[in-house]
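To keep things clear, I will list the structure first and then write my remarks on it.
Residue numbering restarts at 1 for every chain, and letters A, B, ... go by the order of the sequence lines.
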Amino acid sequence: MTTLNHPPGSADLPALKARALNLRRTMLHMASGKGEGYIAQGLGIADCLAAIYFHELRYDAANPAWADRDRFVLSTGHYAIAMYAVLAEAGYLEAAELPSYGLNGSRLPMSTFDDIPGVEMVGGSLGHGLGQAVGMAMALKLDGRPSRVFCEFSDGELQEGSTWEATMGAATFKCDNLVALIDCNGIQADGPVTVQIEPVADKFTAFGWDTVEVNGNDMAALVDALAGAREKNGRPKAIVLRTTPGHGVPTLVARDRAHFVRVDNSEWDALKAELESTHG
Amino acid sequence: MAEPLHTGRTRGMGELIDIAGKTTELAPFGTTLAELGRERPEIVGLTADMGRYSDILPFRDAHPTRFFNVGMAEQDLIMIAAGLSKVGKIAYCTTYSVFITRRAYDFVAISCAHSKANVKIFAGMPGLVNGYGATHQATEDLNMMRGIADLTIIDPCDATELKQVVRAVADIPGTVYVRSLRGKVPVELPDSYRFQLGKAQVIHEGGGKVGIISTGYMSARAMDAARLAAEQGIASSVLHVGTIKPFDTAGVIAFAQRFDRLIVAENHKTTGGLNTLVVEALYDAGIMKPLIKVGLADSFFECGSQEYLEAKYGVDLPRMLRAILEGN
Ligand SMILES: Cc1ncc(C[n+]2csc(CCOP(=O)(O)OP(=O)(O)O)c2C)c(N)n1
Ligand SMILES: [Mg+2]
């Protein structure tokens, strides 16, 4: 089997789990005192980001423009809190600037912009990521570069027509250097996912993608799925992630308005303590 | 020099800023639509995963079988609405203005306007009302929508007008685009105010030499500025252009003729919206007068609280006041 750009060794699972815990700590710290925000999504995607940034992805934080880097495309701009947390953990951003997240004049706004080091696209208008990722994958192939493209997008984005246009494009243009990470967390702005999107994995298979479905909060399963997505076989790869919004903080998991969680200033210390005890 | 870091932040989905002393009304759009739905069984309500954030939930709760959430699929929202209307329904659709205009433009033009489909689009959180940056800020929506033939465009000032518009559009044939306001919407116009399609109305008659022509909630800001300026000895009057299309050319010209200088104010870029419409009308009528454009530059804007964005980009109360008092 010919494989594409990928890490040399096998994954260090305890180290990756420690990274994920750190991301969750950072996100709680960034959200503290701000009353409300997209913290549940961030906690849900933390394991996937740890597996990508600290095992699978080839990059150089000191040189964000490195032409041969793998691209990580975050399509859900409202997951900015998670993106900034992992970019700091990876060395693109200074930890000291993270608390400015969402504040007026901050370099780290509520939605991602591509002038932030390590951010590949302007996020916020949903349904843009996969199509751009297909274009990047096509150009990397055209230039004969070894790099791959990892594109995160959400179950909500599966409702946008643009996502399916891109899904067909990826198969048509044989983007085997493209890995879709589909965050099926079961929620969207108005509550639980409102339209029939299932069976997600079967749909991607039918559209010509190599598809697997995993528990997106199980590090071993994530690492396996990523290892299985390296083959140079002419087909794009999809990993359907079943994640739990708020994962690691049971009080947040239990919130029914999880899309945009409201948290009183007095609650943060208890949430942080919950995170430590669930991982303890 | 680096921007100073302000203590304010991007807040929850676009409730209009609380201005001290203003009376507000909660969800005027949805509560009025729920009432109207009782009188008009042909009304249906739709959203594209923005039910909570467009204030249409009172309609859903009152008429659950006539409410449809199509998911985050704005093009589908508009096509479905067109289809519903072709079988006799009046389809009220909601999401943010920006996703209607930029994502579903072709569908508004062809599925709806071209067929004169009875679709009423309540496009939420226009302009800088949305703190989520350029991706969420419809700052060119009036420009885009005025380019579509057979489309009616309304930019209400406040809760009083928005409620009247919800009812009025049911009887305006064809497709209507309304810039909707959500959450706690200020009550600015008197009870006696009556929305009239295609008619600009003087909402502050202060006489004087300065005439302000405005639309949307900038008309409320213009009234506040006019009152403050009057206290400082400069009188002015405000013409509210609630309907952007069809544009009240005669009304705007008659108003403009009364003043030495003009100010045009909108929660939109100064290109392609009210400012452009006014300048076109004045030029055609051969009127040349000093005119100050209050509105947004041709740019993409950042995230932040509404107060911060409005101050930074020059559409806040001090900006209006300067235009009246200092003429720049
Ligand atoms: C094109 C577009 N339409 C609507 C929105 C408004 N919006 C922001 S988040 C969201 C929910 C999208 O679903 P998902 O990403 O699954 O939400 P989450 O899991 O974060 O709750 C919506 C509709 C948007 N940002 N972009
Ligand atoms: Mg989701």
Side-chain angles (χ1 to χ4, degrees), chain A residues 30-31 33-38 75-78 80-81 97 99-116 121-128 153-165 187-197 257 259-262, chain B residues 2-13 47-54 56-57 60 67-80 94-96 98-99 101-104 106-107 130-138 300-312:
Chain A
M30 290 166 73
K34 298 200 170 96
E36 58 201 354
Y38 300 104
S75 186
T76 48
H78 62 293
I81 189 169
E97 67 178 311
S100 77
Y101 160 68
L103 299 185
N104 291 339
S106 170
R107 190 164 79 122
L108 307 177
M110 284 291 274
S111 213
T112 53
F113 291 88
D114 60 4
D115 55 0
I116 300 162
M121 67 170 273
V122 173
S125 180
L126 295 167
H128 283 240
F153 55 96
S154 65
D155 40 10
E157 290 184 284
L158 290 174
Q159 298 156 25
E160 290 286 356
S162 59
T163 299
W164 296 102
E165 295 171 25
I187 57 167
Q188 58 188 105
D190 274 339
V193 165
T194 49
V195 300
Q196 190 180 320
I197 58 167
R257 286 186 59 169
H259 173 76
F260 199 66
V261 184
R262 295 196 195 269
Chain B
E3 284 294 324
L5 215 58
H6 296 253
T7 48
R9 61 183 165 79
T10 306
R11 276 187 308 253
M13 299 291 176
T47 191
D49 194 27
M50 287 280 105
R52 189 172 283 155
Y53 304 108
S54 67
I56 201 174
L57 297 188
R60 174 199 67 183
F67 173 79
F68 306 99
N69 186 343
V70 305
M72 188 174 67
E74 294 78 12
Q75 300 178 342
D76 200 29
L77 172 80
I78 298 299
M79 290 187 285
I80 288 179
T94 57
T95 180
Y96 293 165
V98 76
F99 303 128
T101 53
R102 295 191 191 141
R103 177 98 14 131
D106 186 32
F107 300 87
N130 199 310
Y132 282 76
T135 61
H136 283 63
Q137 291 156 347
F300 289 115
F301 303 95
E302 67 192 91
C303 296
S305 65
Q306 193 181 343
E307 303 91 318
Y308 167 78
L309 294 173
E310 289 186 343
K312 178 158 182 177

N104(A) side chain to Y308(B) backbone, donor-acceptor under 3.5 Å: no
Atom group of R102(B) that falls short of 4.5 Å from chain A, counting heavy atoms: neither
Interface moiety of F99(B) toward chain A, non-hydrogen atoms closer than 4.5 Å: side chain
Min side-chain heavy-atom separation M110(A)-R9(B) under 4.5 Å: no
With sequence neighbours excluded, residues passing side chain to side chain contact (heavy atoms under 4.5 Å, CB included) with A189(A): H259(A), D49(B), M50(B), Y53(B)
R103(B) (side chain) donor-acceptor with E160(A) (main chain) under 3.5 angstrom: no
Residues forming a side chain to side chain contact (heavy atoms under 4.5 Å, CB included) with T135(B), sequence neighbours excluded: S111(A), V122(A), S125(A)
Partner residues of V195(A) under the side chain to side chain contact (heavy atoms under 4.5 Å, CB included) criterion, sequence neighbours left out: Q159(A), I197(A)
Choice from L126(A), V193(A), T163(A) maximising heavy atom contacts with chain B below 4.5 Å: L126(A)
Reported OG-to-CG distance for the pair S54(B) and D190(A), which is rounded to 0.5 angstrom: 7.5 Å
Closest-packed option against chain B by number of heavy-atom pairs under 4.5 Å, given G127(A), P109(A), G102(A), S162(A): G102(A)
Engaged part of F113(A) at the chain B interface, taking heavy atoms whose separation is under 4.5 Å: side chain
Members of residues 67-74 of chain B whose heavy atoms come closer than 4.5 Å to chain A: N69(B), V70(B), G71(B), M72(B), A73(B), E74(B)
